[in-house]
Protein chains: 2
Amino acid sequence: MARKSLVGVVADELLDRIIAGEFPAGSSVPGELELSAKHEVSRMTVREAMKTLEAQRILSVERGRGTFVNPLNRWASLEAVLRAASEGQNEAAASVQLIELRRMLETGACELAAARISDTDVQALFVHVAAMRAAHEVNDVAAFVEADLAFHDLILRASENVFVAVLFAPLHRVLEKRRAETSAVPAIQEHAIGHHQNIAEALESRDPSRSREAMDLHMQQTLDDLKNLVLEAP
Amino acid sequence: MARKSLVGVVADELLDRIIAGEFPAGSSVPGELELSAKHEVSRMTVREAMKTLEAQRILSVERGRGTFVNPLNRWASLEAVLRAASEGQNEAAASVQLIELRRMLETGACELAAARISDTDVQALFVHVAAMRAAHEVNDVAAFVEADLAFHDLILRASENVFVAVLFAPLHRVLEKRRAETSAVPAIQEHAIGHHQNIAEALESRDPSRSREAMDLHMQQTLDDLKNLVLEAP
DNA sequence: TAGCTGTAAGATGTCTGACATCTAACATTT
DNA sequence: AAATGTTAGATGTCAGACATCTTACAGCTA
């Protein structure tokens, strides 16, 4: 076990203490010497851990003065913010906000893609929908999820906007676990197939607002599914 | 001069070489010893520089093997991706894509805010619009920009979605310079005042789709302004 | 007294050299 | 041919030292 490097462990533990509220925004974290004593590592290891948090704009290091915690809205790491926002009973609210964010990016990308997608990519979309249908009939959840992801990735790329893809990548990592859960429900699979079919047809028509609307309906359904799941969970 | 630390300098130079294509995605960068020789710094300095790039998912370090460049779509730093996307003649295209991204986030946040914004925040929006109008009449560009930014920040916060704010922060830094330029044109100021008035009224009505539409028109105008500026520049 | 200055403490920045551990390729042995 | 040992090269970690910056405070001066 313990596949992580010491630097990663120290950085994680320090981030945990920050998220737990031990060091509020604007306050300073313990000095490098103090931390190296507490974690029983060398000062260089602590420094490298700090550097990783500084690169994510979680900490600000000021030479001669100390190291300070930045306010949450300046953090550059979606994952770190997610950890902080999921503290206590806020996990459900954080999940909803993530879907809201995904909805903005995917509907926006879909609208852009309508004017830019190639004919071959449109055909590929229908192929993915067909794959979803086939996987649904033989109850192959893994294949269903794979086709689903490929469908959305294709639209992302077709939007020809690099920054959307960059912002979406961490979202992808965070959401894929939950997507596998919801995709296991047959009824949800059927809904999803219909939505994907509509999206593909809208993109084929090259109508931006119709494409955006089709994707928006899909996102709305995903949000509803999540809310039902979260509400059911004890 | 040279206010930056050695670590920052080394990290910047290494990132420049990566962006210049010297080390394509998937290939390895020189070893720590080789880099410390080339930059005439110690190995520890190189290591800390690497750690900052690793924290931004620009590099992947594999113990015993080496350090490798990640593909652009896995980079977690919007600024770094922007630098890479602005290479050569792509600066105009990158600017347009940034506005497209901003449009997604701001229209999405505005739609959410419509259902969540408080009465006092709505009043504050009108105050900001009034401040923009006053600044416009006395030709105070700085005050105009400040009220403009406060207006948008308020909507961001009213959306009550932490993640939107997090993703928007780097965009803010990148775009504020250009916004100061466009806001210096009186005609553009007048357009902006009208748009902001419409947005505030839409939010006051608590109608999500109307609010989204109002913000979308504003973003569309901003995009047009940018295109005109970029096209005029030699 | 008001203001400047030097000193000291504590923090981060950097360097040097060493050893540990992992990986991959090659050589050796069975 | 397969398993094993060796070695080179890479990153991971450590220890101690010195440099430099910030701040506070005591002491000196006008």
Side-chain angles (χ1 to χ4, degrees), chain A residues 1-18 22-70 74-76, chain B residues 1-15 17-18 22-71 74-76:
Chain A
M1 293 302 161
R3 309 247 346 106
K4 239 179 189 167
S5 65
L6 271 184
V7 172
V9 172
V10 173
D12 262 5
E13 290 184 14
L14 184 54
L15 180 54
D16 277 339
R17 293 172 69 185
I18 294 173
E22 190 170 345
F23 314 113
S27 69
S28 67
V29 299
E32 298 169 348
L33 270 177
E34 187 175 337
L35 284 177
S36 69
K38 166 160 298 198
H39 294 274
E40 294 182 340
V41 297
S42 77
R43 191 183 152 220
M44 296 311 305
T45 301
V46 171
R47 277 184 62 79
E48 292 190 6
M50 297 262 222
K51 266 279 180 297
T52 69
L53 297 183
E54 188 192 11
Q56 300 174 223
R57 298 186 198 278
I58 295 170
L59 296 178
S60 281
V61 182
E62 297 181 27
R63 178 173 185 178
R65 295 199 25 177
T67 304
F68 304 86
V69 179
N70 289 330
R74 285 194 197 156
W75 294 14
Chain B
M1 290 303 160
R3 310 245 345 106
K4 238 178 191 172
S5 65
L6 271 184
V7 172
V9 172
V10 173
D12 262 5
E13 290 184 12
L14 185 54
L15 180 55
R17 293 172 70 185
I18 293 173
E22 191 170 344
F23 313 114
S27 70
S28 67
V29 300
E32 296 169 350
L33 271 177
E34 186 175 340
L35 283 177
S36 70
K38 166 160 294 194
H39 293 273
E40 293 182 341
V41 296
S42 75
R43 191 183 149 219
M44 298 310 303
T45 301
V46 172
R47 278 186 62 81
E48 292 191 7
M50 298 264 223
K51 265 280 181 295
T52 70
L53 297 183
E54 188 192 9
Q56 300 174 258
R57 298 185 197 278
I58 294 170
L59 296 178
S60 281
V61 181
E62 297 181 27
R63 178 172 186 179
R65 295 198 32 187
T67 304
F68 303 86
V69 180
N70 288 329
R74 283 194 198 155
W75 293 14

Please state whether the base of C/dG17 and the side chain of B/R43 form at least one donor-acceptor pair under 3.5 Å?
no

note: B/L6, atom CG; D/dC21, atom C1'; distance rounded to Å ~ 15 Å

Sorted by position of nearest nucleotide on DNA chain D, 5' first, the leading residue of B/P30 and A/G64 is B/P30

To the nearest angstrom, the CD-P distance between A/E48 and D/dA15 comes to 14 Å

* Would you tell me if any nitrogen or oxygen in the side chain of B/S5 comes within less than 4.0 Å of OP1 or OP2 on C/dT12? => no

Between NZ of B/K51 and C1' of C/dG13 the distance, given in whole Å, is 18 Å

Comparing nearest nucleotides in DNA chain D, the 5'-proximal residue of the pair A/E40, B/L33 is B/L33

Between the CE atom in A/M44 and the CE atom in B/M44, the distance rounded to the nearest 0.5 Å is 3.5 Å

Taken to the nearest whole Å, CE/B/M44 to C1'/D/dT13 is 8 Å

Looking only at D/dC14, D/dG12, C/dT14, the nucleotide nearest the B/V7 side chain is C/dT14

Whole-Å distance, B/L59 CG to D/dA10 P, equals 16 Å

Side-chain ion pair, A/K51 and A/E48, N-O less than 4.0 Å: no

Output for pair (A/L53 CG, A/N70 CG), nearest 0.5 Å, gives 10.5 Å

- prompt: Do any side-chain nitrogens or oxygens of B/R65 fall under 4.0 Å of OP1 or OP2 in C/dC22?
  reply: no

Rounded to whole Å, the CD-P distance (B/E32 to D/dC14) equals 15 Å

Regarding the side chain of B/T45, the nearest nucleotide among C/dT14, D/dT11, C/dT12 is C/dT14

Here the distance between atom P of C/dT23 and atom CZ of B/F68, to the nearest Å, is 12 Å

Side-chain atoms of A/S42 come closest, of D/dT11, C/dG13, D/dC14, to D/dC14

d(A/S36 OG, A/R47 CZ) to nearest 0.5 Å is 11.5 Å

Between CD of A/E34 and C1' of C/dT12 the distance, given in whole Å, is 15 Å

When rounded to the nearest 0.5 Å, the distance separating NZ of B/K38 from CG of B/L14 is 10.5 Å

B/R63 has its side chain closest, among C/dC15, C/dG13, D/dT11, to D/dT11

- request: Using only side-chain N and O atoms of B/R47, determine if any of them is under 4.0 Å from OP1 or OP2 of D/dG12.
  value: yes

